[in-house]
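In what follows, every chain begins at residue 1, and chains take the letters A, B, ... in the order their sequences are listed. The analysis underlying the following values was restricted to heavy atoms, covering all of them including side chains, and did not include hydrogens, waters or symmetry mates.
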Amino acid sequence: MHAEIKAPDGSGRINFARLASMREAGLIVIILALCIAMSFASPHFLTWGNFRAMLMSFSIEGIVVVGMTILLIVGGIDLSVGSVVCFSMVVSGALFLAGLDPWTASLIGIGVSALIGAAMGFFVTIVGLNHFITSLAAMVIVRGLCLVITKGTPLSLFTLPPAFKAIGQGSFHGLPYVIIIFVVVVAIFDFLLRRATAFRKVFYTGSNEKAAQFSGIKTKQVKFWVTVLCSTLAGLAGVIYMARFGAATPTFGAGMELNIIAAAVIGGASLNGGSGTIFGAILGMALLSVVTSSLILLDVSVYWQDMIKGCILLAAVSIDHFLHRKKS
Amino acid sequence: MTETPILEIRGLSKAFGPVKALSDVQFSLRRGEIHALCGENGAGKSTLMNMIAGVLQPDRGEILIDGTAVSIPSPAAAQRLGIALVHQEIALCQDATVAENIYMAAINARRAPLMNFNKLHADAQKVMDLLAPIPVRTKVADLSISNQQLVEIAKALTLDCKVLMLDEPTAALTEGEAQRLFGIVRGLRDRGISVVYISHRMAEIFSLCNRITVFRDGHYVATDPIAESSPDDVVRKMVGREITQLYPDKLAPLEPGRLLLSVEGLSDGDRFADVNLQLRAGEILGIGGLIGAGRSEIAQTICGLRPATSGTVALDGTVLRIRNYSDAVKAGLVYLSEDRKGSGVFLDMPIAANVSALDLGKLTGSLGLLDRKAEDRQATDLTKRLGVRMAGIDARVSTLSGGNQQKVAIARQLSIDPKVIIMDEPTRGIDVGAKVEIHRLLRQLAAKGVGIVVISSELPELIGLCDRVMVVREGRIAGELGADELGEEAIIMLASGVQNSSNQEKQAQNVA
């Protein structure tokens, strides 16, 4: 009998954001606490140089995290992103060396990445395999393709024109283009995910696919396009890496997928689908990055670093599981 | 009759939260008899079976085996006592062979470190051959449903059981297969096994069983020798409850409006065939029948959620081309799923998002962006109209009670101003208060000209709420009951296929 209906004036209107806000606020507190502690521990931590280095280190991966988060929300997963990043890089690089201008080569590189996503989408939605196995196979196949194209040796791309290299190496009034691109991609998709109808269907499908079908949503289409989007963003990241490094290494990005999935999950994306935010995933990425940077500055052996990151992931997932159990 | 019963139940009670599934029931199984256990869906039969089989623990009361009180803390303990239960749903490992499945329970009881496959196959074949010549090296997935059922029974036999409980074993069988099963069950009885037989089908109970016990609403009603009973008598005992719930007033006779929905010759080539159905504006049409008779499949096929092989669906006089559910939604025909949590609501999403899922287009602006204010307005209006009790439209649906979750699901159907709503078990598992509210709402909608079809397993709901009830049996329309013919007995008779003289006449009229 305590019917209480909020005025529809939009006050306190955060909807999905509010559901995840606890997690995001918690992450921000942890990150800030770490930063403050580190600023006492190491004089180098709170410098613009270190900050910039940290941002640079996760900006390009952050673009891949965006796609992965959306895919996790729909209930999928993509283990092939590391291979696809590399594939996009290798294809663009090889085309450039074959005489194409770097911009067209990059567009083709992103295009073939999208095609890999489409192929995975086909196997997931039409054939009916699950995302995990499909993308595991794609991870190995695409990595193999990278090695075939490069014959196993890195492509040296120092001849790339400066205008193109600037994407990865230049900056605008001291702000690297890489970071600008990252912020733009994050802002666009964060907005779309909160507001666009098409992306709302992603939440419905991931939350309860059956109920989504019973609401007339074509869930297979939704899953297909999200799979394509994730690979496309990985392709975009690959091209930026190429501009940054001026080289295309056929082994680049191996193991990247785990870092990316970890970041999204720490940021609140559920492996069961239905929940997650881009902002949270980026915070997850930032946390991992701050931890890595701290460990380096504290002279912790590199051998310990992976272990500590793994423990953070385990803690985040355990907390999530605990909160979920409490709710239901 | 002073012989000690092989199995005796005294004063057994079981509650699930506030719901009393069984209250102080008794039951007695004699050595070497086939004893039918009857009752409506929800009468407590399965709860009793699960307690005897060690799956559930009673709150109060005693279970006696051979006159000795026992406690049965687990299915393994039930096995040791010689009690075997064949569940209504087939629970076999689909990827394992018949032999492996048959001995799954027995292996569990034995604990040998290694498997002797040759012996396993030979033993399994021996048991299987008692029932049917199914090769035991076959994978279960490759068997028909009826053969899988036989494997389930074989599995029970390997336990050397004294008491065999069969829960609707013929639900998935054809007539011929059922007959073979009856022969087998009689054979088991002659070998001294006592059988508890749960079924809704009067005909088979009366040809197979020695005695019959009836449960109603979790209470014991009576036990009679089959010779002194009759199907009519059993049906009366099963349903003889007073309808105390308040249902809204029905449509006055001769009032029905124009033809709203017309389904002709609908078949799906699998679960049902040749279904005809007419719905007029202003009326509530009920669809009754046993669980598994094909009611949900029919409704889902009408709405394009399952493919049809033949037949037409016309709404307001226009034949619809429905390729998928969105086509039906666009035409104004919506389906409310019976499985609220599984396919009805998005539990971890906000109420507002749940309400708008059916027609996002209406809330989308020209840039493809969702109009959040319009979404809020819609959710606020509809939840207010339906009286959803909630913290706010931003609350997750999982925070609501079952009845309020169902109101949210209904709000979603109403968001498109539907012409026809087909509701599958609209009040299953929700409390009486919310139930009454939903019934009133349905009647109000009907009065406004929305066509309402209600599928229900609850006879009082069908009778109290609906103007007309169609009964589905084994994928076909068994008959239709008008307002003056509605009664629990009439519906049960149509649903279970009992033929008595008065009923046959009625059916003949309805078919004509």
Atom group of A/F199 that falls short of 4.5 Å from chain B, counting heavy atoms: neither

Can you tell if the side chain of B/S356 reaches within under 4.5 Å of the side chain of A/R200, non-hydrogen atoms only? yes

Please report the closest heavy-atom contact between B/L305 and A/Q213, naming both atoms and the distance. CD2-O, 3.9 Å

Side chain, backbone, both or neither: which part of B/Q413 has an atom under 4.5 Å from a heavy atom of chain A? neither

First locate atom CZ of A/R195, then atom OG1 of B/T364, and finally report the distance between them rounded to the nearest 0.5 Å. 10.5 Å

When you measure from the side chain of A/N208 to the backbone of B/V345, do you find a donor-acceptor pair of N or O atoms at a distance under 3.5 Å? yes

Under 4.5 Å heavy-atom distance to chain A, tell me which part of B/K330 shows up: side chain, backbone, both or neither. neither

Looking at A/G216, is its backbone amide N or carbonyl O close enough to the side chain of B/N324 to form a donor-acceptor pair, meaning the two atoms are under 3.5 Å apart? no

Provide the closest heavy-atom pair for B/D348 versus A/S207 in the form atom of the first, atom of the second, distance. OD1-OG, 2.5 Å

Toward chain A, the part of B/L358 with a non-hydrogen atom under 4.5 Å: both

Can you name the nearest heavy-atom pair linking B/Y325 to A/F214, along with the distance? CE2-O, 2.8 Å

Determine the interplanar angle of the A/Y204 and B/F346 rings, folded into 0 to 90°, and report it as parallel if under 30°, tilted if 30 to 60°, perpendicular if over 60°. tilted

More than 12 heavy atoms of other residues, nucleotides or ligands under 6.0 Å from NZ of A/K210: is that the case? no

